[in-house]
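One-based numbering along the sequence shown.
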Amino acid sequence: MSQINLQKRLDGKVAVVTASSDGIGYAIAERLAREGAKVVVSSRKAANVDKAVERLKAQNLDVHGIKCHVGSADDRRNLYEGAEKRYGGIDILVSNAAANPEMATLFECSEGAWEKIFEINVKCSFLLTKEVVPYMRKRGGGSIVYVSSIAGFVPMNLLSAYSVSKTALFGLTKAAAIDGGLEKIRVNCVAPGVIETKFAQPLIGNESGKDVAEGQTMLKRIGQPHEIAGVVAFLVSDDASYVTGENIVASGGMNSRL
């Protein structure tokens with residue numbers, strides 16, 4: 001992570017970040033913790049959670065790890081109960097978990113892949129939201145951020161079903177923000193462009209693919225995970241206290257219109 005002069009905007013806050021053992025999720029967990037939040041790191045594999053927590057604690061950050069497959073009701077319950085038991089409540093949810101089991105065009109996408117993508121990317125984001133609300137009520141409000149994708153605005157040919165699921169998160173953001181407004185719960189969404197992560201390797205793992213991706217941006221470069229983390233940190237802080245129902249694009253200037 002680049003050296004940024006961080007404020008402690010999140011002192012006293014407790015954050016839960018799904019799929020946060022690597023990539024964008026890890027960068028978000030790190031940034032929120034560096035801004036003063038107590039952060040619960042989670043992922044499908046306990047070993048990956050343990051490694052991430054070890055790295056973050058080496059920076060003297062206040063983090064706790066809980067294994068969570070977002071598709072498991074038991075895991076989601078354990079995640080929230082564990083966060084409350086460890087830190088006394090939940091103020092922030094960053095829903096970052098996503099799946100894409102198949103690289104295929106829309107007409108070639110299998111029914112099984114479509115169902116899996118929408119289960120994890122959309123249904124589980126909805127369930128995580130519903131299930132965190134009682135915890136946020138106890139705190140007098142909170143903040144939820146969904147991690148979508150530029151592909152939700154501009155579908156990618158071999159990520160067809162994934163792209164549609166990420167468009168759905170824009171709608172979920174708008175709908176959840178209506179209910180959230182009555183509960184003092186702000187709901188926003190960030191749509192990253194092509195970011196240098198393991199997930200993006202099929203797109204940028206070779207020079208030709210990377211050149212194409214860079215050429216679609218105004219900044220002519222691939223984004224870094226910490227650049228998305230900074231946007232999320234803003235959205236969950238009091239600096240964004242009058243921001244809700246918004247889909248924020250962080251794509252280096254890629255086309256972002258539906």
Side-chain angles (χ1 to χ4, degrees), residues 1-2 4 17-31 43 48 94-122 125 145-173 188-235 246-258:
M1 182 175 179
S2 64
I4 300 171
V17 186
T18 64
S20 49
S21 64
D22 196 9
I24 291 174
Y26 178 87
I28 292 170
E30 180 183 35
R31 178 62 181 264
S43 187
N48 291 344
V94 181
S95 179
N96 176 61
N100 185 61
E102 185 176 277
M103 299 284 286
T105 65
L106 185 66
F107 293 169
E108 295 171 341
C109 180
S110 68
E111 182 177 357
W114 179 276
E115 290 178 346
K116 182 68 173 180
I117 288 167
F118 273 81
E119 177 193 0
I120 300 301
N121 300 6
V122 183
S125 292
V145 174
Y146 304 120
V147 179
S148 180
S149 170
I150 192 65
F153 287 104
V154 185
M156 297 183 181
N157 187 41
L158 294 179
L159 296 173
S160 56
Y162 174 86
S163 298
V164 179
S165 75
K166 292 300 186 176
T167 306
L169 289 182
F170 301 152
L172 180 61
T173 299
N188 292 290
C189 180
V190 60
V194 180
I195 307 299
E196 193 167 352
T197 62
K198 290 179 182 177
F199 183 84
Q201 286 310 298
L203 300 175
I204 61 173
N206 58 71
E207 284 302 315
S208 61
K210 187 175 182 181
D211 288 345
V212 169
E214 289 177 338
Q216 293 175 339
T217 73
M218 294 178 185
L219 297 180
K220 304 305 178 187
R221 66 176 178 84
I222 301 300
Q224 298 299 315
H226 76 263
E227 295 179 294
I228 306 305
V231 178
V232 174
F234 161 71
L235 288 173
E246 295 296 335
N247 296 299
I248 308 298
V249 178
S251 68
M254 292 178 70
N255 180 35
S256 57
R257 296 187 64 180
L258 287 174

I need the minimum non-hydrogen distance between [X] and [Y], along with the two atoms involved.
{"X": "R31", "Y": "G230", "answer": "NH1-CA, 3.4 Å"}
{"X": "A29", "Y": "S20", "answer": "CB-CB, 4.2 Å"}
{"X": "A250", "Y": "V231", "answer": "CB-CG2, 4.2 Å"}
{"X": "C189", "Y": "L235", "answer": "O-CD1, 4.4 Å"}
{"X": "I228", "Y": "P192", "answer": "CD1-CB, 3.6 Å"}
{"X": "I222", "Y": "A213", "answer": "CD1-CB, 3.7 Å"}

Original post:
Distance from I24 atom CD1 to E196 atom CD, nearest 0.5 Å?
Top reply: 11.5 Å

Original post:
In Å, rounded to the nearest 0.5 Å, how long is the span from CD1 of I117 to CG of N100?
Top reply: 4.5 Å

Can you give me every donor-acceptor pair (side chain of residues 145-159, partner residue at least two apart or in another chain, under 3.5 Å) with its distance?
| from | atom 1 | to | atom 2 | distance (Å) |
| --- | --- | --- | --- | --- |
| Y146 | OH | T129 | OG1 | 2.7 |
| S148 | OG | K166 | O | 2.9 |
| S149 | OG | A151 | N | 3.0 |

Mind checking what makes side chain to side chain contact (heavy atoms under 4.5 Å, CB included) contact with [X], not counting sequence neighbours?
{"X": "V122", "result": "F118, S165, A168"}
{"X": "I120", "result": "H69, V70, A99, K116, C124"}
{"X": "A19", "result": "N96, A97"}

Original post:
Has the side chain of S160 got a donor or acceptor atom that lies under 3.5 Å from a matching backbone atom of C109?
Top reply: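 Answer holds: no.
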
Original post:
If only atom types and distance count, is the side chain of T167 paired as donor or acceptor with the main-chain N or O of S163 below 3.5 Å?
Top reply: yes

Among all residues two or more places apart in sequence or in another chain, which pass the side-chain hydrogen bond (donor to acceptor under 3.5 Å, both in side chains) test with [X]?
{"X": "E108", "answer": "T105"}
{"X": "D22", "answer": "K198"}
{"X": "S110", "answer": "E102"}
{"X": "T18", "answer": "none"}

Subject >> For F234, all residues meeting ring pair (Phe, Tyr, Trp, His ring centres under 6.0 Å), sequence neighbours excluded >> reply: none

**OP:** Compare all side-chain heavy atoms of L106 with those of W114 and state whether any distance is below 4.5 angstrom.
**Re:**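 In short, these two side chains touch, coming nearer than 4.5 Å.
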
Original post:
Can you list every pair that meets salt bridge (charged side-chain N to carboxylate O under 4.0 Å, His left out) and has a residue in residues 213-231, with sequence neighbours left out?
Top reply: R221-E227

